[in-house]
Amino acid sequence: MRLIETLKNIWKVEELRQRILTTLFFVLIYRLGSYIVIPGIDPNQLSALHKQTSEGLMALLDMFSGGAFSNASIFAMGIMPYISASIVMQLAAIAVPSIQKLQQEGESGRRKIDQWTRYLTVVLLLVQGSAYLVNLNMQLRQAGGSLPEGLWFDIYAIVVMAAGSMFVLWLGERITDKGLGNGVSLIIMIGIIARLPGAVLAEWGTRASGGAGGLVWFLFEIVFLLAVMAGAILLVQGTRRVPVQYAKRVVGNKQYGGARQYIPLKVNAANVMPIIFAQTIMMLPITLLSWAQGDKANGFVQAFMDNTGIWYNLVFAILILLFTYFYTAITINPAQMANDLKRNNGFIPGVKPGKATKDYLDAIMDRITLPGAFFLAIVAIMPAFARVIGISGGFAQFFGGTSLLILVGVVLDTLQQIESHLLMRHYDGLLKSGRIKGRTGSVAAY
């Protein structure tokens with residue numbers, strides 16, 4: 001009954017209702033576009049491409065694009081080139097002083113960086129579009145077909161895919177402005193969710209038709225999936241609240257400051273970035289070594305091509321641990337936090353301002369990052385564990401990794417926005433007690 005009452009309250013708030021309908025409309029456009037094949041390509045000859053994108057890195061790319069990658073759609077590149085460009089700009093802001101200066105200029109600097117990010121996105125789209133056509137042509141030949149010959153087709157196909165990707169980015173920005181949640185992250189989440197019903201039905205069919213364990217094993221898989229999701233929520237939501245006291249100031253008859261506040265330090269401040277970096281590092285050497293000749297190289301490549309193998313997952317987990325510390329160190333700056341506190345007459349009770357505060361915050365981040373990094377590594381290798389115990393590859397992808405963390409983070413942020421609208425209109429929140437905590441500022445997609 002409470003659920004029905006909550007849904008009624010959501011529908012009563014006109015602004016919230018319009019935002020939900022607007023979001024659904026833009027999502028519908030995105031899903032329809034993922035089935036529009038690039039002109040000149042026969043969709044009946046894509047069987048080899050579908051097989052290639054059923055597992056491994058290609059399956060991950062196809063999941064993030066909502067199936068558009070395997071459909072040779074005009075949205076085949078999806079939103080990932082923009083994500084890659086954003087990551088590059090984030091790292092450049094640390095290494096390039098001029099970009100650091102732009103970040104400190106406020107809104108004008110942010111607009112300039114966004115403009116550069118879009119230019120870099122177009123460059124990446126042109127490069128990745130060319131690589132996509134080369135791979136697509138190889139897969140079509142396996143099915144007895146081929147791409148139309150001529151430079152003109154290559155040019156307009158790349159332009160169509162680039163335009164499709166930029167249109168998806170535009171849809172994401174419109175969702176952010178007029179809909180609910182972070183539009184770019186929501187589009188990635190929709191692509192992930194689009195694969196979930198098919199994966200569940202396929203797993204159900206396998207177990208119901210006499211597969212190992214039968215329906216009892218399928219029920220165990222669902223319970224296991226819910227438990228992993230609960231663990232991912234704990235990882236995303238986990239924070240260490242550092243108390244901060246501000247000095248009292250009396251101006252006229254009014255008193256300012258004196259209230260105690262908190263600095264929320266995330267257990268997983270790096271979000272999904274360590275997994276993305278680790279996956280990239282794992283794929284590059286394997287791709288290069290696969291061109292090498294000789295039994296030794298082939299044996300090494302085969303060992304690391306098996307994403308359910310011990311060596312692959314061991315190295316993968318170690319890289320995640322290292323990148324978690326690296327990305328946390330470059331995104332969380334205790335020295336700047338200490339300076340900001342000192343500038344605003346704030347202090348941590350029992351800790352001297354300045355260097356002592358910086359060292360205190362640094363020590364806390366070291367303590368909470370270690371368990372967060374281990375938990376993140378476990379979540380990342382959980383799909384491999386699911387494969388080992390007999391869960392099919394398509395369904396196993398939802399048991400951890402980037403897809404699960406993005407899914408959890410975006411859902412929490414979206415629910416937090418809905419709850420904020422309800423509470424602002426004096427309605428009850430979505431929970432009986434407490435409030436939903438989103439992951440604001442983390443950009444759940446990347």
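Atom set for the values below is all heavy atoms of this structure, side chains included, hydrogens, waters and symmetry mates excluded. If you're wondering where the values come from, they're calculated on a predicted model, not measured in any experiment. Positions are given from 1, in the same order as the sequence printed here.
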Q.
Are the side chains of Leu125 and Met166 in contact, using a 4.5 Å heavy-atom criterion?
A. yes
Q.
Quick one, Ile175 and Asn182 - any side-chain contact, counting heavy atoms below 4.5 Å?
A. no
Q. Any side-chain heavy atom of Met365 within less than 4.5 Å of one from Arg240?
A. no
Q) Is there side-chain contact between Leu376 and Pro274, with at least one heavy-atom pair below 4.5 Å? A) yes
**Q.** Residue of the set Asp359, Val242, Leu361, Thr357 for which side chain to side chain contact (heavy atoms under 4.5 Å, CB included) holds with Val351
**A.** Thr357
Q. How long is the gap from CG on Leu407 to CG on Leu412, to the nearest 0.5 Å?
A. 9.5 Å
(Q) I want to check something: taking the side chain as every heavy atom from C-beta on, are Ile378 and Phe385 in contact at a cut-off of under 4.5 Å? (A) no
(Q) Using 0.5 Å steps for rounding, measure from the OG1 atom of Thr239 to the CD1 atom of Ile368. (A) 8.5 Å
Q: Begin from the C-alpha positions of Gln139 and Leu46 and carry the test side chain to side chain contact (heavy atoms under 4.5 Å, CB included) through to its verdict.
A: CA-CA 7 Å; Gln139 303 306 318; Leu46 298 176; over 6 Å; no
Q: Evaluate the criterion ring-ring contact (aromatic ring centres under 6.0 Å, His included) for residue pair Phe167 and Trp170; output intermediate values, then yes/no.
A: CA-CA 5 Å; Phe167 179 72; Trp170 180 84; 5.8 Å; yes
Q. Between Ser34 (side chain) and Arg31 (backbone), is there a donor-acceptor pair under 3.5 Å?
A. yes
Q | Smallest separation among heavy atoms of Met382 and Phe399, with atom names | A | CG-O, 3.1 Å
Q: For Ala85 and Thr121, work out which heavy atoms get closest and say how close.
A: CB-OG1, 3.4 Å
Q: Given side chain to side chain contact (heavy atoms under 4.5 Å, CB included), test Tyr360 with Ile348 step by step and report yes or no.
A: CA-CA 9 Å; Tyr360 179 77; Ile348 298 173; 3.8 Å; yes
Q) OG of Ser70 to NZ of Lys51: how many Å apart, nearest 0.5 Å? A) 15.0 Å
Q) Looking only at heavy atoms, which two atoms of Leu124 and Ser84 are closest? And how far apart? A) CD1-CB, 3.9 Å
(Q) Looking at every heavy atom in both Ala232 and Leu404, which two are closest together, and how far apart are they? (A) CB-CD2, 3.9 Å
Q | Nearest atoms (heavy-atom pairs only) where Gly179 meets Thr23 | A | CA-OG1, 3.1 Å
Q.
Within this structure, what is the CZ-CG distance for the pair Phe326 and Leu322, rounded to the nearest 0.5 Å?
A. 11.0 Å
**Q.** Sole candidate of Met161, Gln128, Met138 that passes side chain to side chain contact (heavy atoms under 4.5 Å, CB included) when paired with Leu133
**A.** Met161
(Q) Nearest 0.5 angstrom please: Asn268 CG to Gln237 CD, how far? (A) 11.5 Å
Q. Which residues satisfy the side-chain contact (heavy atoms from CB on, under 4.5 Å) test with Ser73, sequence neighbours excluded?
A. Ala68, Asn71, Phe75
(Q) For Leu102, is there any backbone N or O sitting under 3.5 Å from a side-chain donor or acceptor partner on Arg110? (A) no
Q. When you measure from the centre of the six-membered ring of Tyr262, is the NZ or CZ of Arg241 under 6.0 Å away and within 45° of the axis?
A. yes
Q: Verify, without hydrogens or angle tests, whether Tyr82 (side chain) and Ser165 (backbone) share a donor-acceptor contact under 3.5 angstrom.
A: no
Q) Ile389 and Phe224: side chain to side chain contact (heavy atoms under 4.5 Å, CB included), yes or no, with the steps? A) CA-CA 12 Å; Ile389 64 176; Phe224 181 42; 4.2 Å; yes
Q.
Exactly one of Thr414, Leu186, Leu415 should register a side chain to side chain contact (heavy atoms under 4.5 Å, CB included) with Leu180. Which one does?
A. Thr414
Distance-only donor-acceptor pairs under 3.5 Å for side chains of residues 333-343, two or more places apart:
residue : atom : partner : partner atom : Å
Asn333  : OD1  : Ala335  : N            : 3.2
Asn333  : OD1  : Gln336  : N            : 3.3
Asn339  : ND2  : Ala335  : O            : 3.2
Asp340  : OD1  : Arg343  : NH1          : 2.8

Q | Side chain to side chain, Thr22 and Leu24, heavy atoms closer than 4.5 Å | A | no
Q: Take Tyr119 and Gln115 through the side chain to side chain donor-acceptor pair (under 3.5 Å) test and state the conclusion after the steps.
A: CA-CA 6 Å; Tyr119 290 153; Gln115 186 179 22; 3.0 Å; yes
Q: Any chance you could measure Ser403, atom OG, to Gln397, atom CD, to the nearest 0.5 Å?
A: 6.5 Å
**Q.** Shortest non-hydrogen contact between Arg19 and Thr176, atoms and distance
**A.** NH1-O, 4.5 Å
Q: May I have the step-by-step check of side chain to side chain contact (heavy atoms under 4.5 Å, CB included) for Leu215 and Trp204, ending in yes or no?
A: CA-CA 8 Å; Leu215 296 181; Trp204 166 271; 3.8 Å; yes
Q.
Below 30° counts as parallel, above 60° as perpendicular, anything between as tilted: where do the rings of Phe398 and Phe395 land?
A. tilted
Q) Any side-chain heavy-atom pair from Ile275 and Leu405 closer than 4.5 angstrom? A) yes
Q) Do Phe26 and Ile190 come within less than 4.5 Å of each other through their side chains, counting heavy atoms only? A) no
